[in-house]
Amino acid sequence: MPELPEVETYVRALKPLLQGKTILSANVRWPRIIAAPDAARFADLIRGRRFASFARRGKYILLGLDSEETLIIHLRMTGQLRLHGTARAGPDLAETRPDKHTHVVFELDSDEELRFRDTRKFGRIWLVENTETVVGKLGPEPLEAAFVPQTLAQALTGRKANVKSLLLNQTLLAGVGNIYADESLFHAGIDPRRPGGSLSFQEIESLHRALRKVLRAGIEAQGSSLQDYAPPTGAKGGFQEQFQVFRRGGEPCFRCNTPVTRTVLAQRSTHYCSACQK
DNA sequence: ATATCTGCCTGCTCGC
DNA sequence: TGCGAGCAGGCAGATA
């Protein structure tokens with residue numbers, strides 16, 4: 001499940017692969033993937049556009065074009081973007097043919113095509129003039145300088161929902177998903193079931209520090225490689241090797257040997273150490 | 001306003 | 001081996 005570090009890795013990888021290349025056509029094989037405008041208009045508008053800028057906001061990939069428009073892609077759970085050769089593919093053409101999970105194919109002017117592949121079809125693609133119509137409701141970027149403990153305090157104070165659910169709320173904080181929420185709460189020593197409003201300012205500072213540390217480490221490791229995540233270059237990230245609690249239910253905590261607890265919060269699997277996290 | 005639930009999807013695992 | 005049930009989960013939209 002691509003979260004902030006995985007999406008950041010994606011954007012960094014896409015830039016040298018796509019910069020300056022022009023989209024000759026877009027073949028939409030599963031129209032529901034295109035969130036806006038409708039699939040036919042999308043294909044019409046994107047024809048002839050050139051990739052000009054590359055950015056990330058939360059878990060969204062923002063590909064600025066040489067027009068007033070931005071191509072926005074959200075990978076959700078199982079979305080992937082891969083660049084494939086076409087004319088240069090030669091004898092391996094059969095191997096490079098889009099499979100049944102490839103829902104959008106962008107033909108480029110470089111004898112290549114950019115494919116959006118998504119087994120579970122949760123991913124979405126937009127083409128918009130104003131990015132705010134898509135990402136406008138997102139909360140602050142946790143790695144920007146403007147994100148200080150007071151920002152996090154503002155998101156948590158007065159809240160009765162558990163802190164794990166609040167960390168997953170993209171309108172409060174952008175980019176944190178299930179992996180980095182569980183890992184950050186472990187590093188901060190905070191029980192994920194605690195009501196957001198029950199955290200002391202000292203605990204909020206600790207959580208703020210943990211979030212930034214874990215997200216930076218995730219980017220440094222080029223993300224986590226789980227079953228469905230595949231970056232455009234094929235190079236796999238290694239942050240899963242640093243997991244302290246995520247998907248380690250029943251296994252001993254690396255710090256204290258207490259078996260890691262697995263429970264469900266906000267309908268999502270949640271992992272924590274009952275001894276280390278209070 | 002906030003909190004919680006449902007639907008979207010497919011592949012995989014599990015039990016019979 | 002076959003098959004259905006349950007599960008994984010980000011986010012929009014609905015409901016409480």
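Per chain, numbering begins at 1; letters A, B, ... match sequence-line order. The analysis underlying the following values was restricted to heavy atoms, covering all of them including side chains, and did not include hydrogens, waters or symmetry mates.
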Specify the separation, in whole Å, of atom CE of A:Met77 and atom C1' of C:dC7.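 Roughly 11 Å, once rounded to whole Å.
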
Ignoring hydrogens and angles, are the base of C:dA8 and the side chain of A:Arg120 linked by a donor-acceptor pair under 3.5 Å?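 Yes, the side chain and the base share a sub-3.5 Å donor-acceptor pair.
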
Determine whether a donor-acceptor pair (one donor, one acceptor, N or O, separation below 3.5 Å) exists between the side chain of A:Arg76 and the base of C:dG9.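 Absent.
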
Short side-chain N/O contact to [N] OP1/OP2 from [X], under 4.0 Å:
X        : N      : result
A:Lys59  : C:dC11 : yes
A:Gln267 : B:dC5  : yes
A:Ser269 : C:dG9  : yes
A:His101 : B:dG11 : yes
A:Lys137 : C:dG13 : no
A:Arg268 : C:dG10 : yes
A:Arg124 : C:dG10 : no
A:Lys121 : B:dT10 : yes

For A:Arg159, answer base if it contacts any base atom (sugar-phosphate contacts may also be present), sugar-phosphate if it contacts only those atoms, and nothing otherwise; contact means non-hydrogen atoms under 4.0 Å.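 Since only primed, P, OP1 and OP2 atoms lie under 4.0 Å of A:Arg159, the category is sugar-phosphate.
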
So which one's nearest nucleotide on DNA chain B is more toward 5', A:Leu166 or A:Trp30?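 The residue whose closest nucleotide sits nearer the 5' end is A:Leu166.
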
Considering residues, nucleotides and ligands other than [X], do more than 12 of their heavy atoms fall under 6.0 Å from its [atom1]?
X        : atom1 : value
A:Glu251 : CD    : yes
A:Gln150 : CD    : yes
A:Arg41  : CZ    : no

Assess, by modelled atom type and distance only, whether the side chains of A:His271 and A:Asp182 contain a donor and an acceptor separated by less than 3.5 Å.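 Yes, because at least one side-chain N or O of A:His271 sits under 3.5 Å from a partner of the opposite role on A:Asp182.
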
Output yes if the stacking criterion (under 5.5 Å between centres, under 30° between planes) is met for A:Phe122 over the base of B:dC8, else no.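 The base of B:dC8 is stacked with A:Phe122 (centres under 5.5 Å, planes under 30°).
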
Before giving the answer on ring pair (Phe, Tyr, Trp, His ring centres under 6.0 Å), spell out for A:Phe246 and A:Phe239 the whole-Å C-alpha distance, their side-chain angles and the decisive distance to 0.1 Å. CA-CA 11 Å; A:Phe246 189 73; A:Phe239 190 66; 10.0 Å; no

